[in-house]
Amino acid sequence: MKLWSGRFGKDTDALVNAFNASIGFDQRLYQEDITGSIAHARMLAARNIISRQDAEKIETGLLEILKDIKAGKIEFSEDQEDIHMNIESILTNRIGDAGKRLHTARSRNDQVALDFRMYVRNKINKIIPRILNLEKILCGQAEKYQETVMPGYTHLQRAQPVSFAQYILAYAYMFTRDVTRLEDCKQRLNECPLGSGALAGTTYDIDRWMTARELNFDRPMGNSMDGVSDRDYAMELLSDLAIFMAHLSRFAEEIILWCSWEFKFIELDDAYATGSSIMPQKKNPDIAELVRGKTGRVYGDLMSLLTVMKGIPLAYNKDMQEDKEPVFDALDTVEICLPVFAEMLKTMKAYPENMRRAAGRGFINATDCADYLTKKSMPFRDAYKITGELVAYCVKNNKTLEELSLKELKSYSDLFEQDIYDALKLENCMALRKSYGGPCIEETSRQIWEIREFIASREA
Ligand code: ARG
């Protein structure tokens with residue numbers, strides 16, 4: 001029988017029951033629901049709204065239910081619609097009248113708002129260490145390849161020399177920002193909606209500060225209507241996860257390119273690659289491709305929730321039951337992508353010789369050539385033009401800049417001397433890029449240090 005059978009003259013249609021129910025997915029909130037209910041019962045007793053004995057029965061009963069759920073002993077019922085009503089009805093079946101008192105001064109609206117908020121907070125706490133672990137792996141890889149010269153690209157055209165370490169560390173900085181974004185989200189969501197009631201608070205003399213404190217929130221939410229209908233934190237989480245996936249996906253794309261025979265900058269470990277059912281020679285970067293593909297799901301989850309929320313008047317509306325699945329899906333996706341991507345990077349092998357060979361073609365020291373002339377007092381724009389002409393000459397004669405004779409160079413500018421060959425050497429081009437944030441070894445060492453400091457500050 002339905003909770004609300006008093007008001008109704010008929011049973012709910014079976015189709016409506018199935019359509020309305022959220023127990024199929026919101027049972028994930030059972031832990032938060034029980035934690036929230038215990039805090040609520042304790043507060044009700046502290047304010048003499050229910051008796052101490054009833055509060056104790058409720059608490060013991062809920063903890064029993066928690067144990068039974070974890071042991072797989074509980075079967076939820078669609079007739080009880082959602083996790084909140086399922087747990088309340090199991091509790092009442094077990095402990096009688098005390099169970100019926102639990103929902104005093106509370107509504108499912110503030111209850112679900114509380115549960116979902118705590119669920120998101122718990123998940124952020126789980127995801128952050130995994131991103132930090134990924135960063136740790138990147139620092140370890142970067143440390144090995146600080147002297148490995150490779151071409152840096154713009155427009156996917158070889159541009160200027162960098163090191164493989166510099167390349168990897170660029171991603172480590174993105175992931176550092178992803179962590180701080182999630183921390184921001186966690187900090188902003190940390191206000192407690194419990195006690196907002198259905199939407200208009202309650203006439204009972206409740207203590208919202210007590211429940212907020214007990215549930216580790218900074219304070220109760222300031223407005224009861226906002227309290228029950230705010231889903232900013234879920235939209236913010238999905239935005240943060242979407243940005244994180246964008247970073248992962250860009251990195252995945254690099255991995256896919258680097259594994260190709262056209263690049264062959266890296267090789268994935270056999271345990272982190274897959275073969276083909278027909279082509280015996282194939283070794284495919286399926287993991288990176290799936291990560292790139294799954295990014296689309298997370299973007300979809302974000303769009304889905306933004307769209308659900310955009311036209312809802314205050315306060316609670318049933319549309320908001322649609323907030324959970326996109327959040328669960330995005331969290332599941334991120335949680336499955338993170339460890340497999342991290343291990344794939346940890347076990348990948350680089351081919352520094354191939355990177356160096358690629359760096360040798362494509363005139364990535366042309367800027368250095370122009371800078372050489374500029375440092376010998378030629379205005380940069382003139383030096384840039386002369387170097388462009390030199391590159392055209394090289395392309396026509398199938399040579400690199402460093403293969404030109406001093407005589408050939410001098411025919412373009414008198415300023416060229418023997419030391420131009422040092423200036424054009426790729427190792428020097430990279431080592432001399434000492435500006436803050438640059439690819440020289442001192443700077444990549446500083447970057448590794450900075451990221452490790454960040455990780456340590458979060459692990460402390
Ligand atoms: N299952 C509901 C949800 O997820 C819980 C809140 C129901 N509140 C209500 N007034 N029908 O949103």
Side-chain angles (χ1 to χ4, degrees), residues 1-8 11-13 15-37 39-40 62 65 69 74-92 102-123 189 192-202 211 215 221 223-235 237-238 301 304-332:
M1 220 207 318
K2 289 279 190 224
L3 263 177
W4 47 76
S5 59
R7 161 75 176 79
F8 285 65
D11 282 346
T12 318
D13 184 89
L15 209 55
V16 173
N17 239 2
F19 183 67
N20 210 35
S22 53
I23 185 64
F25 50 86
D26 69 13
Q27 50 184 278
R28 289 197 193 205
L29 301 176
Y30 71 87
Q31 175 98 50
E32 288 76 11
D33 196 70
I34 287 173
T35 308
S37 287
H40 181 63
L62 285 171
I65 295 174
I69 296 175
I74 298 231
E75 222 179 288
F76 295 116
S77 128
E78 213 167 59
D79 213 36
Q80 294 301 330
E81 198 177 312
D82 56 24
I83 187 65
H84 324 293
M85 297 212 293
N86 264 277
I87 290 179
E88 188 186 328
S89 97
I90 298 166
L91 181 70
T92 302
L102 169 61
H103 211 55
T104 314
R106 184 176 76 166
S107 155
R108 264 191 303 157
N109 298 349
D110 57 346
Q111 191 178 355
V112 71
L114 171 69
D115 294 0
F116 199 31
R117 217 170 256 266
M118 290 199 292
Y119 184 86
V120 166
R121 190 175 62 179
N122 288 339
K123 283 294 184 183
L189 74 71
C192 185
L194 187 63
S196 297
L199 75 161
T202 175
T211 40
L215 296 167
M221 289 185 78
N223 178 295
S224 63
M225 295 182 79
D226 184 40
V228 290
S229 54
D230 166 34
R231 295 294 182 273
D232 290 5
Y233 58 95
M235 294 189 264
L237 171 78
L238 290 180
D301 293 327
S304 158
L305 184 61
L306 287 172
T307 311
V308 165
M309 293 305 296
K310 83 185 230 321
I312 305 184
L314 292 180
Y316 179 84
N317 297 262
K318 189 74 169 188
D319 319 38
M320 288 158 80
Q321 184 165 284
E322 290 291 311
D323 60 359
K324 285 165 211 71
E325 285 165 294
V327 167
F328 294 158
D329 182 70
L331 285 168
D332 288 350

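Counting convention: from 1, in listed order, for ligands and their atoms alike. Scope of the values below: all heavy atoms of this structure, side chains included, with no hydrogens, waters or symmetry mates.
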Side-chain heavy atoms of Leu199 within contact of Leu314, under 4.5 Å: no
For atom 11 (N) of ligand 1, the protein heavy atom that lies nearest, with its residue and separation: Arg108 NH2, 3.5 Å
Validation row: Val327, Lys123 side chains within 4.5 angstrom (heavy atoms): no
Taking atom 2 (C) of ligand 1 as the reference point, the nearest protein heavy atom with its distance: Gln321 OE1, 3.3 Å
Nearest neighbour in protein (non-hydrogen) for atom 6 (C) of ligand 1: Tyr316 OH, 3.5 Å
Ligand 1 to Asn109 polar contact by distance, N or O atoms, under 3.5 Å: yes
For ligand 1, the portion of Lys324 having any non-hydrogen atom under 4.0 Å away: side chain
Donor-acceptor pair, side chain of Gln111 and main chain of Gly36, under 3.5 angstrom: no
Distance in Å, Leu114 CG paired with Thr35 OG1, rounded so as to fall on 0.5 Å steps: 9.0 Å
Ligand-side contact atoms (ligand 1) for residue partner Ser22, heavy atom cut-off under 4.0 Å: 1 (N)
Ligand 1 to Lys318 polar contact by distance, N or O atoms, under 3.5 Å: no
Winner among Ile23, Asp82, Asp323 once heavy atoms are compared against atom 5 (C) of ligand 1: Asp82
Distance (rounded to the nearest 0.5 Å) between Arg106 CZ and Thr211 OG1: 11.0 Å
Minimum heavy-atom distance between Leu91 and Leu62, given as atom pair plus value: CD1-N, 3.8 Å
